[in-house]
Amino acid sequence: MDKKISTEPYKGPVGGWGSARSVTEILWREGTLPLEGPETLWQQNKPAGFSCVSCSYAKLTNPKALEFCENGAKATAWEITDRRCDLSFFAEHTLSELEGWSDYALEEQGRLTHPMRWDSASDKYIAITWGEAFAEIGAKLKALEPKSVVYYTSGRASLEASYMYQLMARMYGNNNLPDSSNMCHESTSVALPQTIGVPVGTVKLADFDHTDCLLFFGQNPGVNSPRMLHQLQHVRMERDVPIITFNPLRERGLERFTNPQSPMQMLTLSETQISTQYHQLNPGGDLAALVGMAKVLLDMDDEARARGAPRVLDVDFIEKNAHGFDEFAHAMRLHPWVEIESCAGLSREQIAAAARVYAKAKAAIAFYGMGLTQHRSGVLAIQMLSNLLLMRGNIGKPGAGIFPVRGHSNVQGQRTVGITEKPELAPLDRMAAQFGFDPPRDRGVNTVEACEGMRDRSIKAFVALGGNFIRAIPDTDVMERAWRDLDMTVQIITKLNRGAIVHGKAAYLLPCLGRIEIDRQATGDQFVSIEDTTGRFHASRGQVEPAAPDLLSEPRIVAELAKSVLAPNPKLDWDAWVGNYDLVRDAIAESYPAIFADFNTRIRQPAGFDRPCPARERVWATPNGKANFITPRSLSEDPDLPRVREGVLTLITVRSNDQFNTTVYGYNDRLRGIVGTRMVVLMNSHDMAERGISDGQEVDLTTAAGDNVERIVRGLRAVTYDIPRGCCAGYYPECNPLLPLWHYAEGSKVPAAKSIPVRVWTH
Ligand SMILES: Nc1nc2c(c(=O)[nH]1)N[C@H]1C(S)=C(S)[C@@H](COP(=O)(O)OP(=O)(O)OC[C@H]3O[C@@H](n4cnc5c(=O)[nH]c(N)nc54)[C@H](O)[C@@H]3O)O[C@H]1N2
Ligand SMILES: Nc1nc2c(c(=O)[nH]1)N[C@H]1C(S)=C(S)[C@@H](COP(=O)(O)OP(=O)(O)OC[C@H]3O[C@@H](n4cnc5c(=O)[nH]c(N)nc54)[C@H](O)[C@@H]3O)O[C@H]1N2
Ligand SMILES: [Mo]
């Protein structure tokens, strides 16, 4: 690995030759060139192929010859790597030794090959048979009080595996089903049902053909959903559609793009400008910026009415569909501009410029991501975005809608098939009738509550279907201590990660097949299904030989765990389900007839099928049957807005172009010009000068939370960066020790990872 550190601004576009080079590098490194890598990539996101294991962005119904992006290719190479973390590796290393290893080094050992148990005498993982693993885990689970066990899911597992997993947890006796979504788009799942009556976005790919305006709030497509760049490029080039971006950082993917699949653009080195307006607002300033835009629309509408010109508001839509508009409009008019400007960190003119373009568009789409959801006021900010759309009837017409860009490839789908700690969101009565059991009706724990439970010892065992929980959550130092106190940790994973190295008093690794691998069962090769962020279900068929002969599929592992801990149930034949995933899909269809009727037939259609989205038809599945304007109480609801005066900075934690969540592919964040390290803090030059910090100097960060807990990350290199004054940025998960567990979005408990109050210390 190149350890030479440099932090020069990157001049190139997103995509282009930089992207092509980066893909080739990782294919080589993972040993998948010249053959397997390219052959497999050819099958990516194709009807007869597999669904990319990276992000959840929509798949085209008529895919291009190469339907993958730079980061999708990295994710594929990461999974089909020829590296193996096998028994010889574990024989050589104690876990105490491996604790000093980086996230990168751990995963770079390659795919796990055997089920393992931690052996306290040698402090090593040792091989056991699958039979032993399930018998031991089953016995331990049986001895525990069901409410003291957590069944976590990371958003990659298929609909089939996820449905089986939630059923197992409920039959075992709890709703303790937190999901990576609790750290991610849970703010969406809380915000949107109240406003438009659906927990998901309302936009389909076809809407790109009809839209007149795109708004981006805190989502970074160039890194986190790069296939979207093709649609963005298309609407910019073909129809000159304006794109207005709100983001504290100037993200290259929102500035300019060279399509690596266009020979013309590659050879001529030409680029497409993406954003037509770029507003570098304060972190957490979105609520204020949106209120400002709403104010401008109201003023424009007053003026239009006075002149007898066409209205700016969609009065007809509001009258027929919406509730709460008058109170909302009144509150908007009262907000003073000085407050809006200071909270947003933008001028009235900037906000008005955005509002004027939006006001002209016949149909607009609003995209958002972690820049909205991971704030104390995240739920409100999403509802304010929905208000802005409702003002002009931008929900339920072609080319318009709200577009939460979800993270993991099946994170949305897992919620659709019952992975939820909220019992009211799962069809418990149906499942009770289907399987003849009495599901628990009390609320389970979400991610933050699971952590609290681990800390106070009410949670005693943790089973993870994928993910790297301990590394993804807040308060790393405190939580790692609590994690070690658990009676048992069980990791169903594909590669070694921190949650396997730091472990409970009993610890098991259950390595599984990845989605790209052929899944052979009793009735033949099986496929699985996933839901993308636009609410479309697709089949995904494994293409390559399993990484090791001993690996089991996720459905098989879940079924074996279920059999080891549950009494036999005449209404549920786990082995038959594993032998034929069609039977799991039949069960899903029976639990969720409105969404999955005829599941097995429809999932075999090459283009998959859509989930129903009433809001698209302007049917509002809210308690009052209306689309609701929800009025924010105040603009400074987010107590973490930058506070320059006190010497405190607001830290944003971000992803690099070389990672997938806690998986670090490499140390080069090409698009931000950071090469050779992830231990950086990006700072405004004035904030640096004020503190006497020079570019490249080593600093420490501490959390300024006022709760007497010392939270510190040492040894960060200060980098002068184009970022608003009063805030700074660092990488997730390296900065997670700074994020207090109690610092989360009101209503959704999503950790407020985009606004951590910190102080910078020099040596
Ligand atoms: N390659 C790759 N793809 C991924 C992932 C990955 O790690 N790597 N992760 C997956 C997952 S699980 C998820 S959830 C998604 C995450 O995808 P995104 O939602 O794009 O998440 P982030 O990169 O964390 O942050 C998004 C942007 O928010 C901006 N931002 C920060 N604070 C604010 C704010 O207060 N307001 C505004 N307007 N913007 C702000 C940041 O500068 C950043 O550009 O991507 C998924 N796809
Ligand atoms: N500070 C800060 N913290 C954050 C965020 C942030 O922006 N800032 N983002 C949050 C978000 S949005 C999310 S979604 C969470 C992510 O939290 P998680 O979803 O828990 O974490 P990942 O890093 O995606 O998990 C990676 C691990 O999954 C395992 N894995 C990979 N593929 C498979 C598979 O096919 N099957 C199984 N069973 N296992 C597999 C591998 O062993 C790998 O090590 O982190 C959250 N934490
Ligand atoms: Mo996520």
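Indexing begins at 1, ligand by ligand and atom by atom, following the structure's order.
Numbered from 1 in the order shown, with element, the atoms of ligand 1 that lie under 4.0 Å from a heavy atom of Asp286 read 34 (C), 35 (O), 36 (N), 37 (C), 38 (N). Interface atoms of ligand 1 facing Gly284, defined by a heavy-atom separation under 4.0 Å, are 34 (C), 35 (O). Those atoms of ligand 1 that come under 4.0 Å of a heavy atom in Gly369, given as number and element, are 19 (O). Ligand-side atoms of ligand 1 in range of Cys184: 14 (S), range being under 4.0 angstrom from any heavy atom. Those atoms of ligand 2 with a heavy atom of Glu107 less than 4.0 angstrom away are 43 (C), 44 (O). Interface of Asn497 with ligand 2, defined as ligand atoms under 4.0 Å from a residue heavy atom, comprises 27 (C), 42 (O), 43 (C), 44 (O).
Checking only distances, Gly467 does come within under 3.5 Å of ligand 2, N or O to N or O. Checked by distance only, ligand 2 and Ile492 come closer than 3.5 Å through their nitrogen or oxygen atoms. Considering backbone and side-chain atoms alike, Glu79 places every N or O at 3.5 Å or more from each N or O of ligand 2. Considering backbone and side-chain atoms alike, Thr662 places an N or O below 3.5 Å from some N or O of ligand 2. Of the polar atoms of Arg515, none of the N or O atoms is found under 3.5 Å from an N or O of ligand 2, judged by distance alone. The N/O atoms of Gly155, backbone and side chain alike, include none that comes under 3.5 Å of an N/O atom in ligand 2.
Residue-level proximity to ligand 1 for Asn71 is carried by the side chain, the only part with a heavy atom below 4.0 angstrom. Contacts between Gln491 and ligand 2, counted as non-hydrogen atom pairs separated by less than 4.0 Å, are absent for every part of the residue. When heavy-atom distances to ligand 1 are checked against a 4.0 Å cut-off, Pro283 comes that close through both its backbone and its side chain. Of all the heavy atoms of Ile493, the ones lying under 4.0 Å from any atom of ligand 2 are found in both the backbone and the side chain. At a 4.0 Å heavy-atom cut-off, ligand 1 touches Met370 through backbone and side chain alike. No part of His185 comes within 4.0 Å of ligand 1, judged by heavy-atom distances. Residue-level proximity to ligand 1 for Leu281 is carried by the side chain, the only part with a heavy atom below 4.0 angstrom. Counting heavy atoms closer than 4.0 Å to ligand 2, residue Ala753 contributes side-chain atoms (C-beta onward) but none from N, CA, C or O.
Annotation: Phe216 is not in aromatic contact with Phe246 [ring centroid separation under 6.0 Å not met]. The aromatic ring centres of His185 and Tyr368 sit less than 6.0 Å apart. A ring-centre distance under 6.0 Å is not found for Phe90 and His114. Here Phe469 and Phe462 bring their ring centres to under 6.0 angstrom of each other.
Of all protein heavy atoms, the one closest to atom 20 (O) of ligand 2 is Tyr152 OH, 2.6 Å. For atom 34 (C) of ligand 1, the closest non-hydrogen atom on the protein side is Gly371 O, 3.2 Å. Atom 1 (N) of ligand 1 has Val223 O, 3.0 Å as its closest protein atom, hydrogens excluded (heavy atom only). For atom 17 (O) of ligand 2, the nearest protein heavy atom (residue, atom name, distance) is Ala472 CB, 3.3 Å. Looking only at protein heavy atoms, the nearest one to atom 25 (O) of ligand 1 is Lys754 CE, 3.5 Å. Here the heavy atom of the protein found nearest to atom 26 (C) of ligand 1 is Gly218 O, 3.5 Å. Looking at atom 8 (N) of ligand 2, its nearest protein heavy atom turns out to be Thr653 OG1, 3.0 Å. Atom 41 (C) of ligand 1 has as its closest protein heavy atom Asn247 OD1, 3.6 Å. The protein atom (non-hydrogen) at minimum distance from atom 21 (O) of ligand 2 is Asn468 N, 3.5 Å. With hydrogens left out, the protein atom closest to atom 42 (O) of ligand 2 is Lys495 O, 2.9 Å, a heavy atom. Scanning all protein heavy atoms for the shortest distance to atom 18 (P) of ligand 1 gives Asn224 ND2, 3.3 Å. Annotation: atom 44 (O) of ligand 1 to nearest protein heavy atom, Glu251 OE2, 2.5 Å. In terms of protein heavy atoms, atom 40 (C) of ligand 2 is closest to Thr494 OG1, 3.6 Å. Scanning the protein heavy atoms around atom 7 (O) of ligand 1, the nearest turns out to be Asn661 N, 2.7 Å. The shortest contact between atom 2 (C) of ligand 2 and any protein heavy atom is with Tyr732 CD1, 3.3 Å.
A salt bridge links Arg672 to Glu251: one of the charged nitrogens lies within less than 4.0 Å of a carboxylate oxygen. Taking 4.0 Å as the cut-off between side-chain N and carboxylate O, Arg83 and Glu107 do not count as a salt-bridged pair. Between Lys59 and Glu67 there is no salt bridge, since no side-chain N of the basic residue sits under 4.0 Å from a carboxylate O of the acidic one. Taking 4.0 Å as the cut-off between side-chain N and carboxylate O, Arg415 and Glu421 count as a salt-bridged pair. Under the 4.0 Å criterion applied to side-chain N and carboxylate O atoms, Asp103 and Arg471 are assigned as salt-bridge partners. A salt bridge links Arg250 to Glu255: at least one charged side-chain nitrogen sits closer than 4.0 Å to a carboxylate oxygen.
With a 6.0 Å cutoff to the six-membered ring centre and a 45° limit on the axis angle, Lys495 counts as a cation-pi contact of Trp78. Both the sub-6.0 Å distance and the 45° axial angle are satisfied by Arg678 relative to the ring of Tyr731. Cation-pi geometry between Arg541 and Phe527 is satisfied (NZ or CZ under 6.0 Å from the ring centre, within 45° of the ring normal).
Comparing Gln659, Arg655, His408 by heavy-atom distance to atom 12 (S) of ligand 2, the nearest is Arg655. For atom 5 (C) of ligand 2, the nearest non-hydrogen atom from the set Arg406, Gln374, Arg471, Met183 comes from Gln374. Looking at Arg156, Glu734, Glu554, it is Glu554 that brings a heavy atom closest to atom 37 (C) of ligand 2.
When the options Asn736, Thr476, Asp477, Asp475 are evaluated for a side-chain hydrogen bond (donor to acceptor under 3.5 Å, both in side chains) with Arg711, the one that passes is Asp475.
Here the straight-line distance linking atom CD1 of Ile137 with atom CG of Leu561 works out to 5.5 Å at 0.5 Å rounding.
Using a 30° and 60° split on the angle between ring planes, Tyr151 and Tyr165 fall in the perpendicular class, above 60°. Ring pair Phe660/His408 is tilted by interplanar angle, where 30° to 60° counts as tilted.
Using 4.0 Å as the threshold, Trp78 has a heavy atom nearer than that to some atom of ligand 2. Put simply, no part of Gly407 is less than 4.0 Å from ligand 2, judged by heavy atoms.
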